[in-house]
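Just the heavy atoms: all of them, side chains too, but no hydrogens, waters or symmetry mates, feed the values below.
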Amino acid sequence: MPRLKDMFKKTGYITLGKTEEPKEKPQVPEGLWVKCPKCGATLYKEDVLENNYVCPKCEGYFRIKTKTRLRMVADKGSFEEWGTEITGRNPLDFPGYEEKLEELREKTHLKEAVTIGRARIDGQDAVIGVCDARFMMSSMGYVVGEKITRAVERATELGLPVILFCCSGGARMQEGIVSLMQMAKTSAALERHSRAGLLYVPVLTDPTTGGVTASFAMLGDIILAEPGALIGFAGPRVIAQTIGEKLPEGFQKAEFLLEKGIIDGIVERKNLKKTLSGLIRMHGKGTGYENYREIRQAFAEEAAAGPVQEAECSGEDGADRQELSAWEKVEISRDSERPSSLDYINEVFSGFVELHGDRSFRDDGAVVGGIAWFNGQPVTVIGQQKGKNTKENITRNFGMVSPEGYRKALRLMKQAEKFNRPIINFVDTPGAACGIGAEERGQGEAIARNLMEMSALKTPVLSIVIGEGGSGGALGLAVADQVWMMENATYSILSPEGFASILWKDGKRAREASEVMKITAADLKELGIIEQIIPEEVPACRESIPSITSSMREKIDKFLENSSKVSKEELVQARYERFRRM
């Protein structure tokens with residue numbers, strides 16, 4: 001029997017040729033793989049580049065270089081750099097500061113933390129600035145402030161929009177109080193640019209903090225941000241240490257600021273160039289309301305390719321159809337299936353870009369608003385929005401607008417005034433939001449402010465009551481040159497239930513109250529409260545929208561054409577006299 005140990009002896013190998021042991025282990029070519037800064041995953045670099053420097057696994061955003069940013073948004077070969085002659089200073093004689101700057105210039109091939117110049121975005125001229133975190137965390141010192149200020153001044157002279165990609169750790173400590181003064185200097189330059197009626201769009205990237213957030217980063221007509229960007233005045237670590245509390249999940253992220261009404265929108269990198277070029281077009285020269293006839297004529301050939309369906313409703317204004325009682329119209333106006341503001345916005349206008357927030361507290365879901373196109377004319381459209389189901393109604397608060405909703409609407413209307421854009425409002429609310437929070441945040445003041453400011457807006461204003469026009473909540477969007485109503489809409493001092501409870505101490509007499517309140521379109525036209533009635537052959541629903549909006553488009557077209565013939569001063573005076581007669 002063979003010995004067991006011999007059974008496990010090493011087998012001999014045949015050597016075919018002598019090979020040398022490698023001196024070094026095989027290595028992955030340098031730069032072939034990158035690590036995601038968010039999730040830590042190791043990624044193939046080409047995949048990251050093709051995905052616009054966004055992690056394909058966690059969708060985290062990489063910080064990108066100035067040249068990469070310009071390549072993404074500016075037309076090839078169109079960028080012309082400005083301000084290269086501006087040199088740095090060391091106002092505090094801070095030890096080693098000048099050497100540090102020189103070291104960073106050699107390492108990054110940047111002259112400073114911001115690069116400024118003129119470029120084209122899809123053929124649209126603009127001044128573009130890009131902050132780069134590789135240069136002292138893109139902190140703002142004299143050179144950064146001076147380059148931005150000079151660029152904004154030159155943009156004002158040339159009548160160009162300004163797009164700034166913001167990224168910063170704040171003011172530059174090595175320059176002390178001189179750095180702090182750049183906040184005021186850049187802000188003052190932007191005020192002059194704004195007064196000239198020009199567009200400014202800051203795009204907030206990760207991170208945007210400190211003195212930059214408290215100056216040029218937050219002064220845009222439209223403020224955009226990249227997903228997940230850290231945005232705030234004080235850093236989260238400083239805040240947590242100061243207040244001794246754990247910060248909520250997502251605190252100071254772009255999504256948090258959108259919810260809190262501080263920014264207008266979040267745009268993914270893949271859509272950024274298209275979004276910016278679209279906004280520039282909407283704010284281009286010659287797009288004001290006074291040019292409507294010329295704009296429409298230029299747009300006519302394109303519009304002719306899609307003929308508008310004629311309205312099938314009988315009667316010029318629908319005032320001859322009174323077969324429904326006032327209470328029946330109340331019920332129709334409240335129907336959850338009745339078309340909402342967004343339904344009309346998407347049907348009547350094209351290219352709607354929704355803007356968010358009151359810039360101070362919250363984005364109220366009960367108000368939707370933004371910019372859209374009508375016959376080639378940029379318009380501001382705002383609507384009170386109800387939900388279609390319980391979940392949506394909770395988000396929209398059943399169309400009952402909070403103070404921040406009225407302030408958001410007013411912000412958009414003042415923006416429209418700046419750019420000479422007509423304003424189209426859609427009214428549909430049972431009344432303004434009622435509650436402790438609304439009162440704490442000044443519901444009465446918010447509505448009153450809208451009434452006063454809207455009366456003096458130097459741009460055409462049209463308001464259309466499409467459903468419920470409840471009390472001051474509706475009036476907060478209805479101080480206009482003209483007010484129109486859908487045939488089955490209502491517009492009242494109070495709900496019939498509330499009216500009956502106050503006058504007759506019996507809310508159950510709501511049906512009876514509706515008949516004496518004069519709340520229907522026909523009643524209000526007779527009283528001179530509204531100018532036109534938009535007919536409904538059948539109560540408005542999804543199927544009847546094309547027919548209804550055909551009539552609506554024709555009437556809006558006439559309104560804008562007539563408005564284009566009137567000066568700003570005449571518009572305001574006529575609006576004042578309209579309400580003075582009531």
Would you say E515 has more than 12 foreign heavy atoms packed within less than 6.0 Å of its CD? yes
If you measure from CD on E328 to OG on S325, what distance do you get to the nearest 0.5 Å? 3.5 Å
E468/K329 ion pair, N-O < 4.0 Å: no
Could you check L560 against N375 for side-chain contact (heavy atoms from CB on, under 4.5 Å), going step by step and ending with a plain yes or no? CA-CA 10 Å; L560 293 179; N375 287 350; over 6 Å; no
Verify, without hydrogens or angle tests, whether N420 (side chain) and G288 (backbone) share a donor-acceptor contact under 3.5 angstrom. no
With a 4.5 Å heavy-atom cut-off, do I280 and I121 have their side chains touching? yes
State whether E268 and K270 are salt-bridged, where the test is any N-O pair (Lys NZ or Arg NE/NH1/NH2 against Asp/Glu carboxylate O) under 4.0 Å. yes
With no hydrogens and no angle check, do the side chains of S194 and K418 hold a donor and an acceptor under 3.5 Å apart? yes
Short question: side chain of N450, backbone of G476 - any donor-acceptor pair under 3.5 Å? yes
For the residue pair F426 and Y344, does the interplanar ring angle fall in the parallel (under 30°), tilted (30 to 60°) or perpendicular (over 60°) class? parallel
Please answer whether the main-chain N or O of G405 pairs with a side-chain N or O of S402 as donor and acceptor at a distance below 3.5 Å. no
Kindly determine whether I548 and M486 satisfy side-chain contact (heavy atoms from CB on, under 4.5 Å), including the steps that lead there. CA-CA 9 Å; I548 291 170; M486 299 287 295; 3.5 Å; yes
Please find the pair of heavy atoms, one from D264 and one from R359, that lie closest to each other, and give the distance. OD2-NH2, 2.6 Å
Any donor and acceptor pair, going by atom type alone, linking the side chain of R396 with main-chain N or O of K391 inside 3.5 Å? no
Mind running side-chain contact (heavy atoms from CB on, under 4.5 Å) on T209 and S168 for me, showing each step along the way? CA-CA 6 Å; T209 61; S168 182; 5.6 Å; no
Do I464 and M485 make a side-chain contact, defined as non-hydrogen atoms from C-beta onward lying under 4.5 Å apart? no
Say you draw a straight line from CG of L477 to CG of D428; how long is it, rounded to the nearest 0.5 Å? 11.0 Å
Stepwise, does the side-chain hydrogen bond (donor to acceptor under 3.5 Å, both in side chains) test hold for T395 with E392? CA-CA 5 Å; T395 301; E392 286 184 10; over 6 Å; no
Between Y289 and Q377, is there a donor-acceptor pair closer than 3.5 Å when you use the side chain of the first and the backbone of the second? no
Pair R509-E512, salt bridge (charged side-chain N to carboxylate O under 4.0 Å, His left out): steps then yes or no: CA-CA 5 Å; R509 296 174 64 182; E512 181 183 351; 2.9 Å; yes
Atom NZ of K565: over 12 foreign heavy atoms under 6.0 Å: yes
Looking at every heavy atom in both L164 and Y200, which two are closest together, and how far apart are they? CD1-OH, 3.6 Å
Separation between OG of S463 and CD1 of I423, rounded to the nearest 0.5 Å: 9.0 Å
Does the pair R338/E536 count as a salt bridge with the N-to-O cut at 4.0 Å? yes
In short, A500 meets A510 closest at the heavy-atom pair CB-N, 4.1 Å
Carefully, step by step, assess K388 and D343 under the rule salt bridge (charged side-chain N to carboxylate O under 4.0 Å, His left out). CA-CA 11 Å; K388 299 291 187 183; D343 292 324; 3.2 Å; yes
Which atom of S563 lies closest to which atom of P460, heavy atoms considered: CB-CG, 3.6 Å
Measure from the side-chain N and O atoms of T186 to the backbone N and O of M183, and report whether any donor-acceptor pair falls under 3.5 Å. yes
Check this for me: I493, atom CD1, are more than 12 non-hydrogen atoms of other residues, nucleotides or ligands nearer than 6.0 Å? no
Any side-chain heavy-atom pair from I556 and W484 closer than 4.5 angstrom? yes
Polar contact flag, side-chain donor to acceptor under 3.5 angstrom, E570-S567: yes
Nearest 0.5 Å please: distance from the OG atom of S550 over to the CD1 atom of I545. 13.0 Å
Answer whether the closest heavy-atom distance between the side chains of N425 and M454 falls below 4.5 Å. yes
Answer yes or no: is there a side-chain heavy-atom contact under 4.5 Å between D481 and L462? no
Are Y576 and V572 side-chain neighbours, meaning at least one heavy-atom pair lies under 4.5 Å? no
Hey, is NZ on K518 packed in by over 12 heavy atoms from elsewhere, all under 6.0 Å? no
Within the 3.5 Å criterion, strictly below it, is a donor on T390 or N393 matched to an acceptor on the partner's side chain? no
More than 12 non-hydrogen atoms from neighbouring residues, nucleotides or ligands closer than 6.0 Å to NZ on K458, yes or no? no
Show the numbers, then the answer: is there a salt bridge (charged side-chain N to carboxylate O under 4.0 Å, His left out) between K414 and E417? CA-CA 5 Å; K414 296 296 286 185; E417 180 184 44; 3.2 Å; yes
Heavy-atom neighbours of E526 CD exceed 12 at 6.0 Å: no
If you measure from the Lys or Arg side-chain nitrogens to the Asp or Glu carboxylate oxygens, is any gap between R362 and E259 under 4.0 Å? no
Closest approach of Y406 and G473, non-hydrogen atoms and distance? OH-O, 2.7 Å
Do any N or O atoms from the side chain of N346 and from the backbone of L342 form a donor-acceptor pair under 3.5 angstrom? yes
Taking K386 for the side chain and T429 for the main chain, is one N or O donor matched with an acceptor at less than 3.5 Å? no
Taking atom types as modelled and ignoring hydrogens, do the side chains of E331 and W327 form a donor-acceptor contact shorter than 3.5 angstrom? yes
With salt bridge (charged side-chain N to carboxylate O under 4.0 Å, His left out) as the criterion, how do R296 and E561 come out once you've worked through the C-alpha distance, each side chain's angles and the decisive distance to 0.1 Å? CA-CA 9 Å; R296 184 182 60 181; E561 183 177 6; 3.3 Å; yes
With sequence neighbours excluded, what pairs up with A196 under the side chain to side chain contact (heavy atoms under 4.5 Å, CB included) test? T156, L198
Can you find a pair of side-chain heavy atoms, one from T208 and one from L230, that are under 4.5 Å apart? no
Determine yes or no for a side-chain-to-main-chain donor-acceptor pair under 3.5 angstrom, with S333 supplying the side chain and N488 the backbone. no
Does this structure show an ion pair linking E554 with K558, if we count only N-O contacts that are shorter than 4.0 Å? no
Using atom types as modelled and distance alone, determine if a side-chain donor or acceptor of T459 lies under 3.5 Å from a backbone N or O of R421. yes
With a 6.0 Å cut-off (strictly less than), is the heavy-atom count around CD of E569, excluding the residue itself, greater than 12? yes
So D206 and E226, do their side chains get closer than 4.5 Å, heavy atoms only? no
How far apart are the closest heavy atoms of Y491 and A474, and which atoms are they? CE1-CB, 3.9 Å
Between D364 and K408, is the closest basic N to carboxylate O distance under 4.0 Å? no
Please check if atom CZ in F233 has more than 12 non-hydrogen atoms from other residues, nucleotides or ligands closer than 6.0 Å. no
